[in-house]
Structures are given as structure tokens and as C-alpha cells.
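Written below as C-alpha cells is the structure these notes are about.
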Amino acid sequence: MALIEPEEFRLNKLRELRRLGVDPYGREFPGARPLGELVERFEKLQGETIRTAGRITNKRDMGRASFMDIKDWTGSIQVFFQQKRLGDEKFTIHQQLDAGDIIGVEGELALTRTGEKTIFVGEFTVLAKALLNPPEKWHGLRDQEMRYRHRSLDLFSNDEVLQTFLKRSLIIRAVREFLQERGFVEVETPMMQTVAGGAAARPFRTHHNALDIPLYLRIAPELYLKRLLAGGMEKVFEINRNFRNEGISSQHNPEFTMLEVYEAYGSYETMMELTQELVCHAARRACGSLEVPRGETEIDLTPPWPRRPFWELMEQHLGLRRGEEEAIRHMAEETQTQGARTEHPDLLAYRLFEKQVEDNLQDPVFVIEYPKSISPLAKAKKGDPEVAERFELYMAGMELAPAYTELNDPLEQERRFLEQVGTEEERQQIDREFVQALGWGMPPAGGLGLGIDRLVMVLTNRPSIRDVILFPLLRPPEGA
RNA sequence: GAGGGCGUAGCUCAGUUAGGCAGAGCAACGGACUUUUAAUCCGUAGGUCCUGGGUUCGAUCCCCAGCGCCCUCACCA
């Protein structure tokens with residue numbers, strides 16, 4: 001079975017190139033200058049012989065001469081082929097080129113009669129003959145499914161897609177840089193775990209043949225990073241993938257990138273400071289501003305960000321107060337929230353918050369003082385044993401980050417694991433070795449988890465997580 | 001998992017008032033053109049109208065089932 005169906009006219013040109021003794025799939029082409037630089041520094045470079053390479057995006061054939069636009073990931077420029085200049089043989093080779101092909105060129109950089117910055121080609125090399133047509137030059141590639149399934153097409157035909165992913169890389173670099181400058185050490189902990197702990201989510205299961213044991217893809221690195229704290233690594237972070245076997249939506253992909261940070265002797269208070277500075281640093285690097293556009297409006301990241309107790313927002317938006325079990329159950333029923341009659345009211349309140357309050361939180365806000373019963377890994381608040389020292393950072397109507405003052409009392413941790421509310425699937429798996437590590441002593445600490453994909457969504461003004469993940473999970477096409 | 005929307009040429013999209021020969025632009029092919037800018041002009045070709053059933057003299061269109069993508073909800077971060 002043929003894997004692709006090449007265009008007949010392109011195959012013909014491929015054969016013609018070979019007949020002319022030209023390899024349609026060239027090799028290394030050293031010394032190519034970025035096209036963006038040629039355009040930006042044109043005044044200086046004008047008149048020089050330039051060597052560069054790119055993909056043909058457009059061809060304007062004039063008979064004994066032709067113009068093409070070529071682009072690379074920095075920009076695009078016009079190139080000009082003339083029979084007079086190239087000679088018959090090279091000109092015939094040039095006639096085998098089409099939009100989508102990748103070529104290397106060498107020639108004088110100058111202005112045309114109409115004032116367009118142009119390379120007047122003297123030599124050129126065919127680097128890759130495309131056998132499939134690129135998307136239409138004017139409208140580009142619009143079809144969502146094609147864009148996600150064939151990201152290579154999406155990247156070279158929709159410039160803002162490339163820019164988004166370049167920015168993603170910049171953001172992650174800024175995050176690393178920020179933490180490393182403050183003395184945090186980057187570590188890697190297991191992606192495959194025998195107990196999938198550290199969060200409440202359904203894991204992916206797999207199996208190790210040699211050991212003949214079940215394994216889980218991790219849902220969070222938290223319990224391993226805290227083992228490192230217990231071992232004396234005082235400031236650690238990890239940027240890596242988590243896997244959760246849950247639904248897919250514009251805010252959820254089964255694998256997503258998480259930053260987790262732990263600081264010995266810190267607390268959720270120190271994590272708030274750190275988070276605020278970290279996000280602002282990334283925003284300045286990626287956007288050059290703390291006011292970032294969001295759809296029709298914009299989000300103001302200027303610190304300090306307000307801190308609002310969970311129950312204060314619940315009362316403001318929903319009129320619900322802590323301890324009003326019947327009122328909470330009633331609203332949960334009205335909004336068809338799962339477990340309205342059976343679940344713990346704190347859990348219902350948390351679900352109502354996500355359902356009814358979250359969308360209102362556009363500018364950044366630290367929601368603080370969550371119920372302890374739904375925070376099994378967080379230390380209780382001094383003077384209020386029912387409240388956890390936990391915050392969640394919200395912006396753009398999304399939860400970006402949770403953070404805790406980490407619980408370091410092993411007996412209390414054991415109790416809290418056993419007392420968790422919710423159904424079996426929602427409760428965290430109990431990691432015995434982690435509790436043992438606490439038993440040998442872990443310093444009090446602040447811990448943060450920040451969803452990198454969602455941060456990128458905010459800083460690049462993208463509405464869907466699929467726009468910031470290069471290859472989001474899709475159902476495989478029929479026949480695959 | 002539930003509801004809604006969409007699926008037509010390589011790409012972007014029309015279209016079927018109310019069932020009656022399948023359309024445009026771009027890309028392609030042949031021709032003209034040695035400074036064009038979505039080049040232009042003349043000509044040509046291009047289809048599983050998502051898939052499978054049903055109704056009908058006749059279905060791309062109506063009905064049923066299925067598949068995929070998008071949106072909303074549920075689950076979750």
C-alpha cells in the first residue's frame with residue numbers, strides 16, 4: 001500500500017531533475033543566512049553576494065524569468081531567476097521547482113525596479129522536492145483537524161503557530177533561568193511509578209515484563225520531589241510531563257507539562273511570592289509586558305496579586321458560607337454537580353467553585369485557605385485546623401497552579417491519607433515509602449505546581465491547550 | 001459519557017428555494033510574457049459531495065446508523 005499519493009506533475013518534475021543530473025534531495029548547505037536578517041539589515045548587506053536557503057511559498061513565472069518568495073523560520077524574501085543570468089541549463093532546472101520545495105540560493109542582494117528586496121540568483125541547489133501540494137497561499141490551512149494531525153503543514157503555513165511554539169520555548173527557558181538564578185536545582189524523578197501518588201487523578205497503567213509488575217505513568221512528581229527534600233536537597237524543581245487518564249478538553253490534554261518547585265524552610269506564603277515573580281519574569285521575557293492580551297480584553301499581571309480566601313469568593317459569587325452543608329448540597333443538586341447528596345460538602349464546594357466561580361477570575365488572583373479535607377498533602381493553618389495552608393493561582397478563568405505549605409508530620413500524613421474524602425478514584429493512592437521518608441524527617445517546605453501549558457496559553461493568548469502542545473492527542477484516523 | 005455544529009476538487013469555500021447533469025477562487029497542466037507582488041492574459045483538466053444502509057423513477061440534498069473534528073457540559077489540572 002502506498003503511504004502517500006504524490007502529485008503527478010511533481011513526480012514528473014522529480015524525474016526531470018534526475019534526468020538533468022540533479023539530486024532533488026540535496027545534502028548539507030552550510031553558510032545559509034537567516035532571511036529575517038537579510039531584510040532587517042538590507043541597507044548594510046545590499047550589493048553583497050548572499051547565501052541562504054528556504055521553502056518556496058509562491059512562484060510568479062514570467063517566461064524567461066521568474067520570481068519566487070522563499071521563507072525560513074525568521075522571515076521571507078523574494079528571489080529572482082533570469083534565464084540571461086543563469087544560462088539555459090540552470091534555468092531549465094529552475095523550471096522544475098514548485099511551491100513547497102526547499103532550495104538553497106546564492107546571489108546578489110539588491111532592489112528590483114519596483115523597490116522589492118530581492119536576491120538575484122546566480123547559483124541554486126535543490127534541497128528537497130515536495131511531492132505533495134502545500135495549502136493554498138492566500139487562505140492557508142484552516143481545517144482544525146488537518147492542523148492538529150499534520151502539524152508540519154500547520155507550522156509552515158500559519159506563521160502565528162510557529163511564533164506560539166517559539167514563545168513556548170522562550171517561556172520555559174525563562175522559568176528555568178529564574179529558578180536556577182535563585183539556587184534551585186533541576187532534577188528528574190520517575191515517570192513510571194509503582195504507586196501513582198501526589199494528586200487525585202486516574203493514572204495510565206502499563207506493565208514491566210522483566211519484573212512482571214504493574215506500573216503507572218505518573219500523575220505528579222510531588223512525592224518523589226519531597227523525598228529529595230527529606231534527603232537534604234533543599235531547593236529543587238522539575239519541568240516534565242504528567243499523565244492523567246481523564247477527559248480531553250480545551251484545557252486538558254492527557255499528557256501535559258508541569259513545573260513543580262520545592263523550597264525547604266518555605267511555606268505557601270513564600271511560594272506566592274515566588275510564583276508571582278516567576279510568572280512576571282516569564283511574561284516580560286515572552287511578551288515584553290505585564291499586560292497581556294486575552295481575546296478581546298487583556299490581563300494585567302502587575303503585582304501584587306490579590307489574595308482572596310476560598311470561602312470569601314464562594315460567598316461573593318454564590319452566596320455560600322463555610323459549614324452551610326444543606327445550602328451547598330442544594331446548589332450542587334441544582335447545578336447537577338456529581339455526588340450532590342453523597343459527597344463531603346467541602347468537596348462539593350470545591351466542585352462548585354470550579355464550575356461557577358473560576359470563569360470570573362480573569363486577572364491573576366491567589367485563592368487561599370482551602371478546606372483541609374480536600375488537601376491531604378498540605379499542612380493545616382495555624383489557629384484554624386479545618387483550613388489548609390494552600391493556594392491556587394487563577395487567571396484567564398483557569399487554574400494555573402496549586403501550592404501548599406507541605407505537611408511534614410509523618411503520623412499526620414498517614415492519618416490524612418486514610419481520611420481522604422471522595423470516591424476511590426478521586427482519593428490519592430497511598431505511597432508507603434513516601435510516608436517512611438517523612439518518618440526519617442523532612443524539613444518544613446513550600447511546594448508549587450504550575451501548569452506550563454496553561455501558562456503558555458495565557459502568555460500567547462491561545463484559547464485551547466491544543467494550540468500550545470505540538471502534538472495533542474487525537475483519535476487515530478480510520479485505517480491507521 | 002451527554003447535547004449542539006461541521007464534513008463538497010490538493011487547499012479555501014459556495015451550492016441543493018422545496019430531491020432533477022457537481023460549482024468558484026487558489027494550486028495544477030498547455031500556450032504568451034526578461035522587474036513581478038495573491039503577477040496578468042488565452043486554453044485544459046481535476047470529485048467516494050465523510051462512510052454504510054433506507055425512502056424515491058431519481059439522493060451530495062430527506063430519514064436511520066456509524067466515523068472524525070470543533071464547541072458546551074460531565075470528569076480533571
Side-chain angles (χ1 to χ4, degrees), chain A residues 4-13 57-69 76-86 91 98-100 110-118 120 130-150 153 157 198-203 219-220 242-258 260 335-339 350-351 354-355 358-359 392-394 398-402 422-423 425-426 449-455 457 463-466 472 474-480:
Chain A
I4 62 169
E5 289 167 19
E7 298 292 332
E8 199 54 43
F9 73 92
R10 287 177 183 267
L11 278 181
N12 289 339
K13 288 178 178 174
T57 56
N58 193 4
K59 197 173 92 173
R60 294 178 292 281
D61 193 356
M62 310 288 298
R64 291 192 180 79
S66 78
F67 295 90
M68 299 187 193
D69 300 321
S76 68
I77 198 166
Q78 174 169 274
V79 295
F80 183 42
F81 296 84
Q82 262 180 312
Q83 189 168 31
K84 186 173 71 184
R85 192 180 295 258
L86 288 165
F91 196 75
D98 293 298
L111 289 178
T112 60
R113 215 149 59 195
T114 54
E116 179 76 14
K117 295 164 186 171
T118 300
F120 289 71
L131 297 184
L132 301 174
N133 286 335
E136 198 229 18
K137 62 186 169 191
W138 192 241
H139 295 93
L141 186 67
R142 288 289 170 73
D143 186 81
Q144 282 293 355
E145 188 173 352
M146 284 280 273
R147 292 185 45 207
Y148 296 145
R149 287 197 193 280
H150 304 284
L153 268 186
S157 51
R202 286 154 70 188
I219 57 174
N242 287 349
F243 307 87
R244 298 189 182 177
N245 205 341
E246 310 278 0
I248 294 174
S249 80
S250 58
Q251 291 177 32
H252 301 86
N253 193 62
E255 53 177 309
F256 62 102
T257 302
M258 187 79 151
E260 289 210 359
T335 56
Q336 294 174 348
T337 301
Q338 204 198 22
Y350 185 64
R351 284 182 184 159
E354 291 192 320
K355 208 165 173 168
E358 187 176 289
D359 289 350
E392 294 197 350
L393 171 64
Y394 283 85
M398 292 187 289
E399 186 199 332
L400 250 71
T423 63
E425 277 180 347
E426 287 160 340
L450 188 137
I452 293 291
D453 311 283
R454 289 182 180 178
L455 177 64
M457 284 168 70
S464 171
I465 199 167
R466 284 181 290 263
L474 297 182
R475 192 180 291 279
E478 238 173 307

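All chains are named by letter (A, B, ...) in the order of the sequence lines, taking the proteins before the strands, and each is independently numbered beginning at 1.
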Check every atom of B/rA77, B/rG10, B/rU12 against the side chain of A/Asn133 and return the nucleotide holding the closest atom.
-> B/rG10
List the atom of A/Met258, the atom of A/Ile452, and the distance in Å for their closest heavy-atom pair.
-> C-CG1, 4.3 Å
Taking every heavy atom of A/Pro6 against every heavy atom of A/Leu11, the minimum-distance pair comes out as CB-CG, 3.7 Å
Out of B/rG10, B/rU35, B/rA77, which nucleotide sits closest to the side chain of A/Ile465?
-> B/rA77
On a whole-Å scale, what distance lies between the P atoms belonging to B/rG58 and B/rG19?
-> 15 Å
Any A/Arg466 side-chain nitrogen or oxygen under 4.0 Å from OP1 or OP2 of B/rC71 = yes
Value for CG (A/Asp453) from CZ (A/Arg466), rounded to nearest 0.5 Å, stands at 12.5 Å
Just call it for A/Leu474: base, sugar-phosphate, or nothing, with non-hydrogen atoms closer than 4.0 Å on any strand.
-> sugar-phosphate
Between B/rG1 and B/rU60 - C1' atom distance, rounded Å | 32 Å
Taking atom P in both B/rC49 and B/rU44, compute the distance separating them and give it to the nearest angstrom.
-> 25 Å
Once you round it to whole Å, what is the distance between P of B/rC69 and CZ of A/Arg142?
-> 21 Å
To the nearest Å, how far apart are A/Asp143 CG and B/rG10 P?
-> 13 Å
Assign A/Lys13 to base, sugar-phosphate, or nothing according to its heavy-atom contacts below 4.0 angstrom with the strands shown.
-> sugar-phosphate
Contact class for A/Phe120 vs. all strands (heavy atom < 4.0 Å): base, sugar-phosphate, or nothing?
-> base
Pairwise C1' distance, B/rC67 and B/rA24 [rounded to whole Å] | 29 Å
Produce a footprint string for nucleotides 37-49 of chain B: one letter per nucleotide, 5' end first; B if the base is under 4.0 Å from any protein heavy atom, S if only the sugar-phosphate is, - if neither.
-> BBB----------
Nucleotide nearest A/Met146 when distance is taken to its side chain, options B/rC29, B/rU35, B/rC11 | B/rC11
Sidechain-backbone polar pair: A/Thr118 side chain, A/Glu116 backbone, donor-acceptor under 3.5 Å | yes
Can you figure out which of B/rC71, B/rC69, B/rC29 approaches the side chain of A/Ser464 most closely?
-> B/rC71
Given the C1' atoms of B/rC42 and B/rA59, what is the spacing between them in whole Å?
-> 38 Å
Counter-base of B/rC26, judged by Watson-Crick or G-U geometry with both distances under 3.5 Å | B/rG10
If you pin A/Arg85 and A/Gly140 to their nearest nucleotides in RNA chain B, which one's is more 5'?
-> A/Gly140
With a 4.0 Å cut-off on heavy atoms, is A/Phe9 in touch with a base, just the backbone sugar-phosphate, or nothing at all?
-> sugar-phosphate
Output the single nucleotide from B/rU12, B/rC71, B/rU34 whose closest atom is nearest the side chain of A/Ser250.
-> B/rC71
Counting side-chain heavy atoms from C-beta on, which of B/rC70, B/rA74, B/rA77 comes nearest to A/Ser249?
-> B/rA74
Across all strands, who's sitting opposite B/rA32 as a Watson-Crick or G-U wobble pair, both distances under 3.5 Å?
-> B/rU40
In whole angstroms, how far is the C1' atom of B/rC11 from the NE2 atom of A/His150?
-> 13 Å
With a 3.5 Å cut-off and no angle check, do the side chains of A/Glu392 and A/Tyr350 form a donor-acceptor pair?
-> yes
With a 4.5 Å limit on heavy-atom distance, are the side chains of A/Leu455 and A/Leu400 in contact?
-> yes
Atom CZ of A/Arg64 and atom CD of A/Gln82: how far apart are they, to the nearest 0.5 Å?
-> 12.0 Å
Start at the 5' end of RNA chain B and walk down; is the nucleotide closest to A/Lys355 or to A/Arg244 reached first?
-> A/Lys355
State the NE2-OG distance between A/His139 and A/Ser157, to the nearest 0.5 angstrom.
-> 13.5 Å
Identify the nucleotide, in any strand shown, that forms a Watson-Crick or G-U wobble pair with B/rU72, with both distances under 3.5 Å; if there is none, say none.
-> B/rA2
Tell me: CD1 of A/Ile248 to C1' of B/rC70, nearest whole Å?
-> 13 Å
For A/Gly247, report the nucleic acid contact type (base, sugar-phosphate, nothing); a contact means any heavy atom under 4.0 Å.
-> base
Please give the nucleotide sitting opposite B/rC62 as a Watson-Crick or G-U wobble pair, both distances under 3.5 Å, or none.
-> B/rG54
Please report, rounded to the nearest Å, how far the C1' atom of B/rA77 is from the CZ atom of A/Phe243.
-> 15 Å
Side chain of A/Gln144 - closest among B/rC69, B/rU34, B/rA28 | B/rC69
Nearest-angstrom distance, C1' atom, B/rC64 to B/rC26 = 38 Å
Between CG of A/Leu11 and C1' of B/rA28 the distance, given in whole Å, is 13 Å
Between A/Phe80 and A/Phe120, how do the two ring planes meet: parallel, tilted or perpendicular, split at 30° and 60°?
-> perpendicular
Report yes or no: is there a donor-acceptor pair, N or O only, under 3.5 Å between the side chain of A/Gln82 and the base of B/rU34?
-> yes
Reckon A/Tyr148 touches a base, only the sugar-phosphate, or nothing at all at heavy-atom distances under 4.0 Å?
-> sugar-phosphate
Rounded to whole angstroms, how far apart are CZ on A/Arg149 and P on B/rG7?
-> 17 Å
For A/Asn253, which contact category applies under a 4.0 Å heavy-atom criterion: base, sugar-phosphate, or nothing?
-> base
Rounding to the closest angstrom, what is the interatomic distance between B/rG30 and B/rA22 at atom P?
-> 29 Å
Rounded to whole angstroms, how far apart are CD on A/Gln251 and C1' on B/rA74?
-> 14 Å
Should A/Met457 and A/Ile465 count as side-chain neighbours, where that means a heavy-atom distance under 4.5 Å?
-> yes
Using only heavy-atom distances, determine whether the side chains of A/Arg60 and A/Gln78 contain a donor-acceptor pair under 3.5 Å.
-> yes
When the C1' atoms of B/rG7 and B/rU12 are considered, how many whole Å apart are they?
-> 14 Å
